[in-house]
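Shown next, in structure tokens, is the structure this report addresses.
Lettering follows sequence order; numbering is per chain, from 1. The structure presented is a predicted model; accordingly, all values stated were derived computationally and were not measured. Every heavy atom of this structure was used, including side-chain atoms; hydrogens, water molecules and symmetry mates were not.
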Amino acid sequence: MLTVDDINVYYGAIHAIKGVSFRVDDGEVVTLIGANGAGKSTILNTVCGLLHSRTGSIQFLDKTLGNVPAHKIVELGMAHVPEGRRIFQQMTVEENLEMGAYTRARADIEPGLERVYEQFPRLKERRKQVAGTLSGGEQQMLAMGRGLMSDPKLLMLDEPSMGLAPILVEQIFDIIRKLHQAGTTILLVEQNARMALSVADRGYVLETGKIVATGTGDELLHDEAVKKAYLGG
Amino acid sequence: MSFLNNAITGISLGSIYAIIALGYTMVYGIAKMLNFAHGDVIMVGAYVCFLAMGNAGLPSVVGVLLAVAVCTVLGIVIERLAYKPLRAAPSLAVLITAIGVSYLLQNSAQILWGAATKTFRPIVEGSLVLVPGQLSISYVAILSVVCCIVVMVALSVFTGQTKMGKAMRACSEDKAAAQLMGIDVDATISMTFAIGSALAAIAGVLMCSAYPVLSPTTGSLPGIRAFTAAVFGGIGSVPGALLGGILLGVIETFAKAYISTDLSDAVVFAVLIIVLLVRPAGLLGKYVPEKV
């Protein structure tokens, strides 16, 4: 579904991503784990078109993304739930969800809302509420729901557990498992490596802009080096 | 009676300011820039209408429509050529560019149409006499207030109910997130400039109908006053532009009537300073603390 080949991304003079390649197959949950500043979010932002790579290529559903602007990539079937949620604080919950369906036909919005509300009943209760007044967990649900409104073939989640209480982290990962069972392809970026690897089919370990290890979720969970560096020994 | 007359004059002048202030506030809301050339778009609109009605002898409705069309295109062109290349530049560079565009428009108008002041023929003439010899309302004043109300209602329906309007609000909150929704941010910014400039054309025609002198610098002072109105009401806020505009018009008119014609601007700006001391974000503006 997604093939990233040898991308190099710079912030001015800083070489943030150094020759990274990876792939995500149909129906998989793939995770990128690594410490703060390893380049996980930069990779997602490059895939979704907000940043650009100087080299290599990104193929999504047999299309080369190259210089396709971010708003066109959404139409191809990719949704990115960005780090820090980035919901529209001053718009209502329902308006946020409608924005998620921006690329879709008017007739698809109602069924889309139904589906998201079924997944996140909390959002339905609060649909007329201004999004900025939601709790952190609810905002994360809204961000994910908004991403799902475009009915994506690939859902990219950037740090969905960030800043959430443990019980909410559990909930968010339950939702990821459910989405996976329903056949959604997911690319997950997490600092919470243990949780991420436990839901992922495969994972890549990122260190200062390079991939240093890869394997199935289970393999990485039991890898000595990964355990030591990311799972607390 | 003179009090009522002044109130009416103030409200109608304020309605015009409000329409201009909307252009400032919408552009600020989405592009986070102060478009100081906005006042000069007013002037261009007034000239187009003046030439269409005077030289070409077209009916006033056609003149207004032409002015709106020309200014809409002008707004889009200004944004594309002058501001879009500076999207990533520091805000000071954009501000200075806007001032440059303002002078460019004024001087182009001077070359094209001469520096001499022209007498603008109002698009509607006459007035509604309520108390003969004492209280009357000019049709231009009525038209200004009606235009202001129509514009406000149309804009709130647009931003509240339509897909494009909601996309505009999304862009003004978070451009990157809007792009991730599939919203074409560049097109949305263009559209905002188009709407703002169309409103400027309407305001220009109304302004010159009420105060019928037209010169290449006609737009600059009302532009500054309307900018003040936008800040007064809370820049970025649409109801704020309405409130700020009306208040400014009323304060200016009363200051002229009861204090001094020469000091009216001083009074207006003194009120602005006091308001900003008490409410730094303006009357209806939201003070948004930086979240860490």
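- Here CD of B:Glu173 is found 7.0 Å from CE of A:Met91. Values are rounded to the nearest 0.5 Å.
- Within a 6.0 Å sphere centred on NZ of A:Lys72, other residues, nucleotides and ligands contribute 12 heavy atoms or fewer.
- Heavy-atom contacts from other residues, nucleotides or ligands closer than 6.0 Å to NZ of A:Lys63 number 12 or fewer.
- Between the OG atom of B:Ser172 and the CZ atom of A:Phe88 there is a distance of 9.5 Å, given to the nearest 0.5 Å.
- Residues of residues 12-42 of chain B lying under 4.5 angstrom from chain A, judged on non-hydrogen atoms, do not exist here.
- Between B:Gly182 and A:Tyr102, the closest heavy-atom pair is O-CD2, 3.5 Å.
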*Would you sort out whether A:His71 and B:Ile183 count as a side-chain contact (heavy atoms from CB on, under 4.5 Å), showing the intermediate values?*
CA-CA 6 Å; A:His71 69 267; B:Ile183 297 169; 5.7 Å; no
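- Within the 4.5 angstrom heavy-atom criterion, only backbone atoms of A:Arg104 (N, CA, C, O) approach chain B.
- Residue A:Ile167 qualifies as open at atom CD1: its count of foreign heavy atoms under 6.0 Å is 12 or below.
- Under a 3.5 Å cut-off, the side chain of B:Lys166 and the backbone N or O of A:Met99 do not form any donor-acceptor pair.
- Taking the side chain as every heavy atom from C-beta outward, A:Leu50 and B:Gln179 approach each other to under 4.5 Å.
- Looking at A:Ser150, there are no atoms closer than 4.5 Å to chain B (heavy atoms on both sides), in backbone or side chain.
- Rounding to the nearest 0.5 angstrom, the gap separating the CG atom in A:Leu44 from the CG atom in B:Leu180 is 10.5 Å.
- Taking a cutoff of 4.0 Å between a charged side-chain nitrogen and a carboxylate oxygen, A:Glu95 and B:Arg169 qualify as a salt bridge.
- The distance from the CG atom of A:Asn96 to the CE atom of B:Met181 is 8.0 Å, given to the nearest 0.5 Å.
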